[in-house]
Amino acid sequence: MDEETGALPRKDDFSRWYNEILWRAEIMDVRYPVKGLYVWYPYGFGIRQRAYTILREIMDRDHAETMFPLLIPKTEFMKEAEHIKGFEDEVYWVTHGGRTELDVPLALRPTSETAIYPMYSLWIRSHTDLPLKLYQIVNTFRYETKHTRPLIRLREITSFKEAHTVHATREEAAEQVETALRLYCEFYERLRVPVIVSRRPAWDKFPGADYTIALDTIMPDGKTLQIGTVHMLGDHFSRTYEITYEDVNGEQQYAYQTCYGISERSIAAVISVHGDDKGLVLPPEVAPIGIVIVPIIVGKRGDEVISAARALEAELRGAGYTAKVDDRDMRPGAKYYHWEMRGVPLRIEVGPRDIDANTVVAVTRTGRRTTLDRRGVVEGIHSILAQFGEEISDAVRQAMADRITVAANLEETAEAVKTGVAVVHWCGSQECAEKIEAVVDASIIGSEIRSDLIPVSNGPCIACGGNGTSTLVARTY
RNA sequence: GGGGCAGUAGGGUAGCCUGGUCCAUCCUAGAGCGUUUGGGACGCUUUGACGGCAGUUCAAAUCUGCCCUGCCCCA
């Protein structure tokens, strides 16, 4: 009778579901009065913090974190022609200091190549300075003209992790591209977000790059979301910014570079792939609250139940969990819904019955209920959460597999992209790409696919019949 | 980039065409009191709004213009 009470829109109405869950689960407040800029609620920011702690941990193995300025002088920004072409329509310019017009306008970084590389030019003298591998996590600004969307298409990206590496040779730079892909795949495994790696077609590569390899996930509505990119810059920027080094023979050489980035789209992916009709489902590693303890207060035993809950909370915190007793004056059921909306992986109920039996009841976010002996409760929880993590990994992997269809011709492709991703043979020509994109109303995502969900092969191009290779076609965000 | 629709309290809505009688209403909104608590409790009291700026007018949520913001469709 009350099933409608407080319900989210169903997840199969993904667009409405996404908009609502952002505020209902306290991730972002979209009411900030500037288009394309949104406010992180503390809870959403907690998810971001945990995800980015993982990202930092992965990056820090082989990179150093740094911080470059937000403002870039126009004179530096305008040096690399292809790069400019790719970004100039999206740049915010600072033109005044107070009431004084600036001699040189300053760009709010849309990405930081042109801020970083002039400094790299000063820093790099010798082959012994290489390789150089730095990254920063910063906000960037892009004057998006398309429909903005929280976490996905922003005018201020608040969480842009960008890495910039410099190498002595093209081969080393190419190897770094592969290393970066491995790091990013590991990051998304930790977030339990399945990804497909592919090489972007030439017209869709990063402006100023030789080639771009990207990570995409598939959203519940079947559109792909690009959640990581790795760019081989070759020597384009080093020639522009004079990044040279003296090699072992005493000769000046241009360096080779890569850059790669991940943004808060990673958070959008976690929310979107794992969530369900009841709200968020968070992997334990990114949940700001890993375990919520709900005291079941009946009759006169309230104090006893509360102190049992607190003792459990202390024990779980001691074991390294972020546990929280919810002692608000609400019915237990209301609390269950509250924490389910926020995706807390595990709920523990403690009531008089449990105290008497020396047990606790543990319920995962996906509804698996276990009665645990109060002694050894930490070990029991450890194994439940590990299993929960595997369970949601398997579920999203299966959901992604179900959205991938191998299509042999244009008709099948058009049908497949209505609900997911099509894998087709494509010859690589732009003419055929344009034909395919026009007929099926979707985009060529990439070829040289790397995904254990997708077998790749050669075959006749679905547009021209010539030699083709496996290629992803999908609607995109 | 083009087109359409919309913005009323924390959230959801009515009112707008036909300016005034408007003290609007509902809620998983807030505050307070009491009774409650093993899957969304209940009663009573109470708080709070017409996106912004300008204009028309005796009078604007309502009409006009510009701006801001959001949603949908098309390219």
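Quick note on labels: first sequence line is chain A, next is B, and so on, each numbered from 1.
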A:Thr158 side chain to A:Glu264 side chain, donor-acceptor N/O pair below 3.5 angstrom: yes
Using the ring of each side chain (for Trp, its six-membered ring), is A:Trp17 parallel, tilted or perpendicular to A:Phe14, with breaks at 30° and 60°? parallel
Would you find more than 12 non-hydrogen atoms of other residues, nucleotides or ligands less than 6.0 Å from A:Lys35 atom NZ? yes
Result for 5'-nearest mapping on RNA chain B, choosing between A:Ile297 and A:Asp441, is A:Ile297
Does the side-chain ring of A:Tyr336 lie flat on the base of B:rG39, meaning centres under 5.5 Å and planes less than 30 degrees apart? no
Using purine N1 to pyrimidine N3 plus N6-O4 or O6-N4 for Watson-Crick, or N1-O2 and O6-N3 for G-U wobble, both under 3.5 Å, which nucleotide pairs with B:rC66? B:rG52
Ignoring hydrogens and angles, tell me if any N or O in the side chain of A:Arg155 forms a donor-acceptor pair with the backbone of A:Glu144 under 3.5 Å. yes
Within the structure shown, what part of the strands sits under 4.0 Å from [X] by heavy-atom distance: base, sugar-phosphate, or nothing?
X        : result
A:Val294 : nothing
A:Arg353 : base
A:Pro352 : base

With no angle test and no hydrogens, is the base of B:rG11 tied to the side chain of A:Arg24 by a donor-acceptor pair under 3.5 Å? no
Is a donor-acceptor contact shorter than 3.5 angstrom present between the side chain of A:Glu340 and the base of B:rG40? no
Figure out the [atom1]/[atom2] separation between [X] and [N], and round it to whole Å.
X        : N      : atom1 : atom2 : result
A:Arg369 : B:rG38 : CZ    : C1'   : 9 Å
A:Asp356 : B:rG38 : CG    : P     : 17 Å
A:Glu26  : B:rU28 : CD    : C1'   : 13 Å

Are A:Arg397 and A:Arg192 side-chain neighbours, meaning at least one heavy-atom pair lies under 4.5 Å? no
Taking 4.0 angstrom as the limit, do A:Asp216 and A:Arg265 come out as a salt bridge? no
Distances under 3.5 Å between protein N/O atoms and the N/O atoms of nucleotides 66-72 of chain B, please, pair by pair.
from: B:rU69; atom 1: OP1; to: A:Lys35; atom 2: N; distance (Å): 2.9
from: B:rG70; atom 1: OP1; to: A:Gly36; atom 2: N; distance (Å): 3.4
from: B:rC71; atom 1: OP2; to: A:His147; atom 2: NE2; distance (Å): 2.5
from: B:rC72; atom 1: OP1; to: A:Ser15; atom 2: OG; distance (Å): 3.0

